[in-house]
Amino acid sequence: MIDNIFMVIKKTKNKLNRSIFDIFTLFKEFALLNLIYYPTKFKDIFFFKSLVLTIFNKISFIFNYQSIAKKEFLRTFPVSLKGNIFQNPLYFGKDKSDFFIRIHTDSRRYSITNNVDDLQNLSLEIIKGEKKISSFVLKNEDESLIPISGEKVKITELNKINQKTIIYETKNKFSYFFGAKDSIIELDSKKDFIIGNPLLLKQKKETKNDLVILLFIDGLVDYEILGFKSLSEIMPNTHNFFDVGYEFKNNFANSEWTMPSFANIFTGLYTQKHGLFHPWSKKGLPKDIDTIAELFSKNGYLTFQSGGNRMINPSFGYSRGFDRNLYQREMNAIQTIENFIENQNTFSERSTFSFLKLLDLHHDLGYLNHISNTEENSKIGKEDIEYSKIKSVFKKYDQKRKSIYIKKLKSLDIRLGLLYSYLNSLKGKNITFILCSDHGQSFLNNDSFLLSSKRTKVPFFYKSNTHKSLTKVYEFTENVDIFSTILFDSDIKINKKYIDSNLPSILSGQVKRNFSFSQSIYPQQTYKAAFRSKDKEMFLETKRKTDNNGICFIGNRNDYDLVLNGEKYNGDLPREYEFFLKSILEN
């Protein structure tokens, strides 16, 4: 209903704009024919026309903005019900810190336009800091870069003799001022300005690793599902980079789509605990849990994030724990990698944790925007690769889309070669690297069940300087286990009592999983679960649907159906599965 009203208003707006244009065009013609001499001159007519259209567009923008913000909530970042995103801070977590948003890279003189789509595609930088009024004196204890944003902010180092005042004019962006050790810096402006938390340039706290990277590739499937015997056949650069470390061959995503699945990784919690499952969620990550980034930050690492994914955007709480966060809704791999290299070069004397998220495989596969894809695009045919409104998890098997997917995967690997080459050049650094994904692709197979192996079996690669060869690990792991693995590698202690993550036994974990667990919690859909062990795969699906609070009543055996190894199963749920499921659902 709302969409229909919105479309009518949009059409009315377009017609009105056209009518106004026609009227002024008529005035122009009269003016040229000297039929109108007074009171309006030719240039005044077009000034008035421009003014009217500008006002009308602004009103329309406000209406569109409010409509989208109310309907789509957190996923539309930076559109927000809180209003001006550059004026009002975002607040996340327990530390009472404010996160301020500024434009990161944009060549336009005026970056903010009266277009919601344009606003959502801005390249943004999110920094933790404070808003200051008039003047502020900062006592800087260590060498650091200090983020500053404001109009004509005067900066003076008070403890330097004959120090000249520097003026920063960075209203919509962050600029960085070098603060020397033991310096006293005065900042002054006639208007409010933002000063970010100083980013130390030298390491103070000793850490096990120099650089930890979590590379998240949305929608990356296990290469064997694509029909390849070796990763080298499709991603040679990635294959060569992981010539040492662990490749977990029986790793499964805990959910079928990004919102809950990535939260499983970043919190080490099942969906019942982290709570992110509703596509139009009004709530972000719980404030009383620690994310991977927060734990690295607490343990002395400078934390950095780069990439774009609207289901992993800052509004959900994914700015928490990060010193710098560069976000653009559809940031590509090259931008993401370049941002990382720039940050790493700047803070080369710090221990850093970097989270890189790549969305290159998740865009609609009909849009192949590299010249190297032209031949493949021509073979497939335009009529077969048009944009589809069907949700990715419900798409049917499609050989043409599979061909495009493989082409895009090969292109992505070429771009990842830049990242791998850079990391290989950092001699003498202790580097830990984890590559993971959140789900597979429904169009790659004919399996109809949302949690089938071909849809939920995803890559999990892990390497560090301690590894001397590649080991393929066949014990069952889940995406929640990435949480324990990456923290264990950096000697960061975690409270195992409150998390669902399990450290694999090959890494000295005390408990080895006997089976893997995946689940689907989606409003107005049946609840689904999958259990996989060495000799069986069991699917559970309820007869009732899940409500908007994520609740689905399961009282007895008659409330759900079971499928064992592809066949309908009339027996009871095995005791170990039943006990496990009860412990999860009680949350």
Side-chain angles (χ1 to χ4, degrees), residues 221-222 248-277 393 436-440 447 449-460 473-485 496-507 509-522 525-542 546 550-552 554 557 559-566 569 571-587:
V221 303
D222 187 284
F248 291 90
K249 298 297 294 180
N250 280 315
N251 184 68
F252 291 87
N254 295 108
S255 185
E256 80 280 18
W257 71 295
T258 302
M259 178 188 276
S261 188
F262 180 76
N264 297 143
I265 295 171
F266 222 58
T267 65
L269 301 174
Y270 288 133
T271 307
Q272 284 80 359
K273 290 182 181 177
H274 66 61
L276 293 185
F277 69 92
V393 295
C436 62
S437 184
D438 54 347
H439 57 75
D447 292 359
F449 194 68
L450 285 179
L451 300 174
S452 70
S453 296
K454 292 182 179 179
R455 295 188 184 207
T456 54
K457 189 178 182 183
V458 290
F460 175 12
V473 182
Y474 289 92
E475 68 173 283
F476 284 96
T477 57
E478 303 170 6
N479 270 0
V480 289
D481 300 335
I482 293 170
F483 184 89
S484 293
T485 301
K496 298 178 182 178
K497 181 180 178 180
Y498 298 104
I499 64 171
D500 300 307
S501 181
N502 186 64
L503 183 66
S505 63
I506 197 169
L507 302 177
Q510 296 180 357
V511 180
K512 186 175 183 179
R513 290 192 185 276
N514 294 322
F515 57 88
S516 70
F517 171 70
S518 304
Q519 62 178 334
S520 174
I521 306 174
Y522 199 95
Q525 299 283 340
T526 56
Y527 173 79
K528 304 171 186 68
F531 304 88
R532 296 178 181 87
S533 60
K534 186 176 180 180
D535 58 348
K536 63 186 173 210
E537 181 177 59
M538 180 167 278
F539 298 146
L540 177 151
E541 182 170 5
T542 62
T546 304
I551 297 173
C552 182
I554 305 176
R557 178 64 181 84
D559 292 325
Y560 56 85
D561 294 319
L562 292 175
V563 173
L564 176 62
N565 295 338
Y569 181 69
D572 293 330
L573 190 67
R575 291 287 299 274
E576 61 176 341
Y577 295 170
E578 182 181 17
F579 178 79
F580 178 84
L581 189 60
K582 280 185 176 180
S583 68
I584 298 299
L585 297 182
E586 283 175 359
N587 288 294

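Residues P504 and V473 have side chains not in contact (no heavy-atom distance under 4.5 Å, counting atoms from C-beta outward). Between I521 and Y527 the shortest side-chain heavy-atom distance falls below 4.5 Å. Between D559 and T542 the shortest side-chain heavy-atom distance does not fall below 4.5 Å. Within the 4.5 Å cutoff, side-chain heavy atoms of N264 are placed close to those of T271. Taking 4.5 Å as the limit, some side-chain heavy atom of F252 sits within range of a side-chain heavy atom of S453. Looking only at side-chain heavy atoms (C-beta outward), V480 and I265 stay at 4.5 Å or farther from each other. Counting only heavy atoms from C-beta outward, the side chains of L276 and P260 never approach each other to under 4.5 Å. At a threshold of 4.5 Å between non-hydrogen side-chain atoms, the residues L573 and Y560 count as touching.
Atom NZ of K534 and atom CG of N514 lie 12.0 Å apart (nearest 0.5 Å). Atoms OG and CG, from S261 and D438 in turn, are 5.0 Å apart once rounded to the nearest 0.5 Å. A distance of 8.0 Å separates NE2 in H274 from CD in Q272, rounded to the nearest 0.5 Å. How far CD1 of I584 is from CD of Q519: 7.0 Å, rounded to the nearest 0.5 Å. For the atom pair CG (L562) and CD (E541), the distance works out to 10.5 Å, reported to the nearest 0.5 Å. Note that the OG atom of S518 and the NE2 atom of H439 stand 13.0 Å from one another [nearest 0.5 Å].
Residues satisfying the salt bridge (Lys or Arg N to Asp or Glu O under 4.0 Å) test with E537, not counting sequence neighbours, are R532. With sequence neighbours left out, S255 forms a side chain to side chain donor-acceptor pair (under 3.5 Å) with no residue at all. For N479, the side chain to side chain donor-acceptor pair (under 3.5 Å) criterion is met by N251, not counting sequence neighbours. Every salt bridge (Lys or Arg N to Asp or Glu O under 4.0 Å) that K249 has, sequence neighbours left out, goes to E224, E247. Checked against side chain to side chain contact (heavy atoms under 4.5 Å, CB included), F515 has the following partners two or more places apart in sequence or in another chain: F531, S533, E576, Y577, F580. For K454, the side chain to side chain donor-acceptor pair (under 3.5 Å) test picks out no residue, with sequence neighbours left out.
The backbone N or O of V458 lies less than 3.5 Å from no partner atom in the side chain of S437, so there is not a single donor-acceptor pair. Judged purely by atom type and a 3.5 angstrom limit, E475 uses its side chain to pair as donor or acceptor with the backbone of I506. Here the side chain of S501 pairs no donor or acceptor atom with the backbone of G268 at under 3.5 angstrom. Judged purely by atom type and a 3.5 angstrom limit, N502 has no side-chain atom pairing as donor or acceptor with the backbone of D481. A donor-acceptor pair under 3.5 Å links the side-chain atoms of N250 to the main chain of Y474, judged by distance alone.
For the residue pair L581 and L540, the shortest heavy atom distance occurs at CD2-CD1, 4.0 Å. Between F476 and R513 the shortest heavy-atom distance is O-CB, 3.5 Å. Closest approach of S520 to E256, counting heavy atoms only: OG-OE2, 2.8 Å. In plain terms, the two heavy atoms of N254 and E478 that are nearest each other are ND2-OE1, 3.0 Å. The heavy-atom pair separating F539 from S452 by the smallest distance is CZ-CA, 3.9 Å. Shortest non-hydrogen contact noted between F460 and T477 is CD2-OG1, 4.1 Å.
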